[in-house]
Amino acid sequence: MEEVQESQPQSKPGQENNVDEVIDENSEYEKGETPEELLSSPPKVDSEVEVLHEKVTKQIIKEGHGQKPSKYSTCFFHYRAWSENTEHKFEDTWQEQRPTEMVIGKEKKEMTGLGIGVASMKAGERALLRVSWELGYGQEGSFSFPNVPPMADLVYEVELIGFDETKDGKARSDMTVEERIGAADRRKMDGNVLFQENKLEEAMQQYEMAIAYMGDDFMFQLFGKYRDMALAVKNPCHLNTAACLIKLNRYEEAIGQCSIVLSEDESNLKALFRRGKARAALGQTDAAREDFLKARKHAPEDKAIARELKLLAEHDKAIYQKQKEIYKGIFGPRPQPVPQKRNWFIVVWQWLVSVFHNFITLFNREKKHKDD
């Protein structure tokens, strides 16, 4: 089983282990943007306007790579859309875990303009498409989902994740179980090659398309050997995704990918190890230690796990010493008792009084004894 190489725990002590996994399912926001800002309105783009059709224009936000999809290619993309003349955001699939699928040349009538735009894009490209209502939802709009006003000109923000070339335009929904798993496995292998070349973003696109073949609706219908076959491809994709995300310092997303695998297999060694690494990087030391300790139960001799636990212990010790120094600076050293000088006059006087008191006591006892 081909795997992405990475330092990680070993399933059997003494054996070298590989990563048979894949990449992220969420598009990365541009620097300085927040989810709230992204959802509020279309982004401002200064690039040149390209006329694709008399009713469709495009402005590139981020350049892509590779070739454009051909006729009947199955495209995978994220998009967000607004009704331009009413400033009504009617649909948001950008933050869904799985991309939207469209077969070029067989798109729905309401998405003709979007299809024209997607067909002009390269894999990895992100663009702003403006579509007139004639190639959108038409004169009457849509009163179901999505809710689109009548005669609404549309603005799409689209990122093309990638595409598959299919001679007959066969969509995922028309494939057999074996075909879908096979297509996903090919994408996974392509992603692993890109990972080895350190092309992490491109590798993640391949992994994302692989995962797209095995959505929740598909997995829910599988039982027995078919479910095992699908998980044998899907879980490694999530784990390789986590490996890429850790390299890109996207630790929260890496935790999410590992947690997906652990929801299916709570003792998965690689998922525990990588989630522990991501949590440790975020300073979540207690949660990271918990993951590493669970992993160690399944591989007690694994050196990578022992090394990570040692690093956590050293980190905790360093934090303790730092806090100790801080508190020492705040409260200062504990004051030592200052010895007081003796007043010898008082000491002699106290001694004489004591002697006199003892003499009187003794005298009284002797007198009382004689009287008796």
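We number each residue from 1, following the sequence as shown. Since the structure is predicted, the reported quantities are computational estimates derived from the model, not experimental observations.
In this structure, Leu262 shares a hydrophobic cluster with Leu272, the cluster being traced through Ile, Leu, Val, Met, Phe, Trp and Tyr side chains under 4.5 angstrom apart.
Judged by distance alone, the side chain of Asp153 and the main-chain N or O of Trp133 form a donor-acceptor pair under 3.5 Å. At least one donor-acceptor pair under 3.5 Å links the side chain of Glu179 to the backbone N or O of Thr176. Ser354 places no side-chain N or O within 3.5 Å of a backbone atom of Gln350 that could act as its donor or acceptor partner. Put simply, the side chain of Ser47 gets close to the backbone of Ile60: a donor and an acceptor are under 3.5 Å apart.
Asp291 pairs with exactly one of Arg274, Arg279, Arg296 by the side chain to side chain donor-acceptor pair (under 3.5 Å) rule, that one being Arg279. The residue from Arg250, His238, Arg275 that alone fulfils the side chain to side chain donor-acceptor pair (under 3.5 Å) condition with Gln257 is His238.
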Report task. Start with the C-alpha distance between Glu314 and Lys317, add both sets of side-chain angles, then the distance that settles salt bridge (Lys or Arg N to Asp or Glu O under 4.0 Å), and finish with yes or no. Result -> CA-CA 5 Å; Glu314 291 174 352; Lys317 183 178 179 180; over 6 Å; no
Report task. Check the pair Lys68 / Glu125 against salt bridge (Lys or Arg N to Asp or Glu O under 4.0 Å), numbers first and verdict last. Result -> CA-CA 10 Å; Lys68 297 179 182 179; Glu125 182 176 323; over 6 Å; no
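Residues Lys58 and Met121 meet the side-chain proximity criterion, which asks for heavy atoms closer than 4.5 Å. Met219 has its side chain within reach of Leu231: a pair of non-hydrogen atoms, C-beta onward, lies under 4.5 Å apart. In this structure, the side chains of Ile305 and Lys303 stay at 4.5 Å or more apart for every pair of heavy atoms. Considering only heavy atoms from C-beta on, Pro42 stays 4.5 Å or farther from Glu157 through its side chain.
Closest heavy-atom contact between Ala210 and Lys188: CB-N, 4.1 Å. The two residues Phe292 and Lys277 make their nearest non-hydrogen contact at CZ-N, 3.5 Å. Taking all atoms of both residues into account, the shortest heavy-atom contact from Gly113 to Val131 is CA-CG1, 3.8 Å.
Ion pairing of Glu178 with Lys225 is absent here, as no side-chain N (NZ or NE/NH1/NH2) approaches a carboxylate O to less than 4.0 Å.
Atom CD of Glu50 has more than 12 neighbouring heavy atoms from other residues, nucleotides or ligands inside a 6.0 Å radius.
Among residues two or more places apart in sequence or in another chain, the salt bridge (Lys or Arg N to Asp or Glu O under 4.0 Å) test is passed with Asp265 by none.
At least one cation-pi condition fails for Arg130 and Tyr156: the charged atom is not both under 6.0 angstrom from the six-membered ring centre and inside a 45 degree cone around its axis.
Residue pairs that meet the salt bridge (Lys or Arg N to Asp or Glu O under 4.0 Å) test with at least one member in residues 255-264, sequence neighbours left out, are Arg227-Glu264.
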